[in-house]
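Inspection log for the structure reproduced underneath, given as structure tokens.
Below, all heavy atoms of this structure are taken into account, side chains as well, without hydrogens, waters or symmetry copies. Predicted model, so just to flag it, every value in this text is computed and none were measured. FYI, the numbering just counts along the sequence from 1. Counting convention: from 1, in listed order, for ligands and their atoms alike.
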Amino acid sequence: MQKAKVILDKEFVISQIDKRIYGSFIEHLGRAIYTGIYEPDHPSADEMGFRKDVIELVKALKVPIIRYPGGNFVSGYNWEDGIGPREQRPRRLELAWRSIESNEVGINEFIEWSKKVNSEVMMAINLGTRGIDSARNLVEYCNFHGGTYYSDLRKKHGYNEPHKIKVWNLGNEMDGEWQIGHKLAHEYGRLAREVAKVMKQIDPNIELVVCGSSGPKMPTFPEWERIVLEHTYDVVDYISLHYYANMPGSDFINLPKDPDLKSFIAKNLDMEEFIKTVISTIDYVKAVKRMKKDINISFDEWNVWYHSFEKDKNIEPWQVAPPILEEDYIFADALLVGCMIMTLLRHADRIKIACLAQLINVLAPITTVKGGIAYRQTIYYPFLHIANYGRGVVLLPKVNSPKYDSKLYTDVPILDTLVTYDEEENSISLFAVNRDTENDLLVEYQFRGFDGYKVIEQIVYESSDPYVGNTPEDPNRVVPHKIDTSKIDGNILEVLFPKFSWNVVRLKKFMG
Ligand code: AHR
């Protein structure tokens, strides 16, 4: 039996968790909006046309913030197209995804929907085809109390109170050649600075996210970060990171044809490196500019993405809501998503916002059938568990795990684990992936400074076949279940994690 050991101490804390690390993202892309969240003739549609079955599935995830309206879409978007009477809204050619945008849903409707799922909106502005002027008008429309052209227009549209949108993205992936209005680092840095200044002049309470690299493989990474931050350090609050694991290209693992699960499940190690490099770059610019304030990270797109690449090549352009980027996730993807979210939380001292990209139909944990059911993809479950139970602070673990080498990585720990502690609730949650595809793993967790804790729940997500997922015909094919393989003696917990599994153990101390 393979064994691992983890030592934790109540006093050794990485950081308080900012709940916005459990954010997500919805873009006007494919069927995310239309037949995703919005389908007026669906049997479960509410008075605004929003699917109530989808609302329930999203609410369960407890997503506190949702990035909107893009993504690549935002770089060609005129936000004015989506406000005012629906019948007067234009249909537009949408160039990022070569679709037709009907504009039936715009900013106001999306904000209404976000309230229904107990979330706030993180708004991205168009710095591709537009700039300072449309950004200032949008902030005025959304956040100014009244008595001016755009704030009064909002009132005329039925929203007397300002939307008070707190977090704003200064464009999207502006380093990417594919982006409408792609820019060089110094061009973007200059523009972002000037836009940031006017936006904060209108509403000094907002927080701004400047675009970092679209991924660690971008040829301009990390010079992009350095140059952009040298222009914007004092006027922004976060820099964005985007990372999709296993996109076709170098290091692509074509599961299940190429069954290199050992490398696949270690891909969060690249994400870890990416985060560390960005933190170093931020801090380098801080030193160069003699700044006191820190810039934190908004990891506002992350996920696994590879299943839909081939089938998307056959989709006809210029359709309304074509089924693009619809991933049929398999069990192995869920484990990697679990490892990725643990990676984000390990950096909770610098990552304050993160967005699982995306939420409905597009690279999503939730899939809808037009006129039919909404169901949970495999990746729904690790996100659900950690967003619900990963509260309070992240503890700094000393992990001693057996390791392995794979085709792409060396020294990969078999155990990937994360532990959170919620002082108010007297509860500890531990999350773990056993990366070993063949053997169970026995782990000893030593909780220094914690006495009297009992296991209240243990959940495992496992599958005899790592290549299957949930489908409309069989939506509950791979679901987590409860087990009990733990024993606690004082402050030492011993627990068995089945081979190739995602695990949650919840402990609580009952007072009095
Ligand atoms: O999430 C899908 C796309 O991936 C987004 O539009 C873009 O920002 C990224 O490249």
Side-chain angles (χ1 to χ4, degrees), residues 23-34 36-37 63 65-77 94-99 101 110 122-129 167-183 188 192 209-221 224 228 238-249 252 271 274 297-309 311-313 315 317 321-327 329 333 337 340 353-367 377 379 383:
S24 190
F25 172 34
I26 291 187
E27 177 168 5
H28 280 251
L29 192 183
R31 299 194 310 114
I33 301 280
Y34 308 111
I37 65 167
V63 177
I65 190 162
I66 303 178
R67 183 165 171 256
Y68 173 85
N72 297 340
F73 169 82
V74 81
S75 297
Y77 182 50
E94 198 292 287
L95 299 185
W97 302 103
R98 303 185 75 221
S99 313
E101 173 55 52
F110 192 79
M122 170 176 179
M123 184 75 78
I125 61 161
N126 174 353
L127 289 187
T129 59
V167 189
W168 297 74
N169 285 91
L170 299 171
N172 175 68
E173 295 189 347
M174 299 310 300
D175 62 329
E177 182 64 39
W178 60 87
Q179 201 66 216
I180 301 171
H182 160 234
K183 290 173 179 49
Y188 171 67
V209 183
V210 74
C211 287
S213 293
S214 309
K217 294 204 171 131
M218 293 301 288
T220 48
F221 172 73
W224 173 275
V228 166
Y238 307 91
I239 186 159
S240 74
L241 272 74
H242 291 180
Y243 181 75
Y244 291 99
N246 206 34
M247 282 178 92
F252 171 54
M271 188 185 191
F274 184 29
I297 290 175
S298 167
F299 210 121
D300 46 45
E301 288 188 35
W302 69 271
N303 206 341
V304 176
W305 177 3
Y306 64 104
H307 297 283
S308 54
F309 267 85
K311 62 180 182 189
D312 282 1
K313 289 182 184 153
I315 290 180
I324 46 180
L325 275 59
E326 299 205 1
E327 297 274 292
Y329 285 112
D333 302 326
V337 160
M340 290 171 83
I353 303 172
C355 305
L356 174 67
Q358 301 191 9
L359 189 53
I360 320 288
N361 288 332
V362 172
L363 310 171
I366 299 167
T367 298
Q377 295 274 349
I379 64 165
F383 190 89

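- Protein heavy atom nearest atom 6 (O) of ligand 1, with residue, atom name and distance: Glu27 OE1, 2.6 Å.
- Below 3.5 Å of separation, one finds no N or O of His242 facing any N or O of ligand 1.
- Remark: side-chain polar atoms of Glu27 are not paired, donor with acceptor, to backbone N or O of Gln358 under 3.5 angstrom.
- Here the two rings, on Phe221 and Phe274, have centers that are under 6.0 Å apart.
- Contacts between Tyr244 and ligand 1, counted as non-hydrogen atom pairs separated by less than 4.0 Å, involve the side chain only.
- By the 3.5 Å distance cut-off applied to N or O atoms, Trp97 is not counted among the residues near ligand 1.
- Closest approach of Tyr244 and Met247 over heavy atoms only: CB-SD, 3.6 Å.
- Of all protein heavy atoms, the one lying nearest to atom 8 (O) of ligand 1 is Glu301 OE2, 2.7 Å.
- Scanning the protein for heavy atoms near atom 2 (C) of ligand 1, the closest one is Gln358 NE2, 3.6 Å.
- A distance-only check finds no donor-acceptor pair linking the side chain of Asn303 to the backbone of Leu356 [under 3.5 Å].
- When all heavy atoms of Glu301 and Gly71 are compared, the closest pair comes out as OE2-CA, 4.2 Å.
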Chi angles and distances behind the side-chain contact (heavy atoms from CB on, under 4.5 Å) call for Asn169, Arg67
CA-CA 9 Å; Asn169 285 91; Arg67 183 165 171 256; 3.3 Å; yes
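- With a 4.0 Å cut-off on non-hydrogen atoms, Leu363 touches ligand 1 through its side chain and not its backbone.
- Contact annotation: for Asn172 versus ligand 1, heavy atoms closer than 4.0 Å belong to the side chain alone.
- Residue-ligand proximity, Phe25 to ligand 1, at heavy-atom distances under 4.0 Å covers atoms 1 (O).
- A side-chain hydrogen bond (donor to acceptor under 3.5 Å, both in side chains) with Ser75 holds for exactly one of Glu173, Gln179, His182; it is Gln179.
- With ligand atoms numbered from 1 in the order given, ligand 1 contributes 7 (C), 8 (O), 9 (C), 10 (O) to contacts under 4.0 Å with heavy atoms of Glu173.
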*asked:* ring-ring contact (aromatic ring centres under 6.0 Å, His included), that's the test. Do His28 and Tyr68 meet it? Break it down for me.
replied: CA-CA 8 Å; His28 280 251; Tyr68 173 85; 5.3 Å; yes
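- Residue, atom and distance of the protein heavy atom nearest to atom 7 (C) of ligand 1 are Asn72 OD1, 3.2 Å.
- The contact set between ligand 1 and Gly71, taken as ligand atoms under 4.0 Å from a residue heavy atom, comprises 5 (C), 6 (O), 8 (O).
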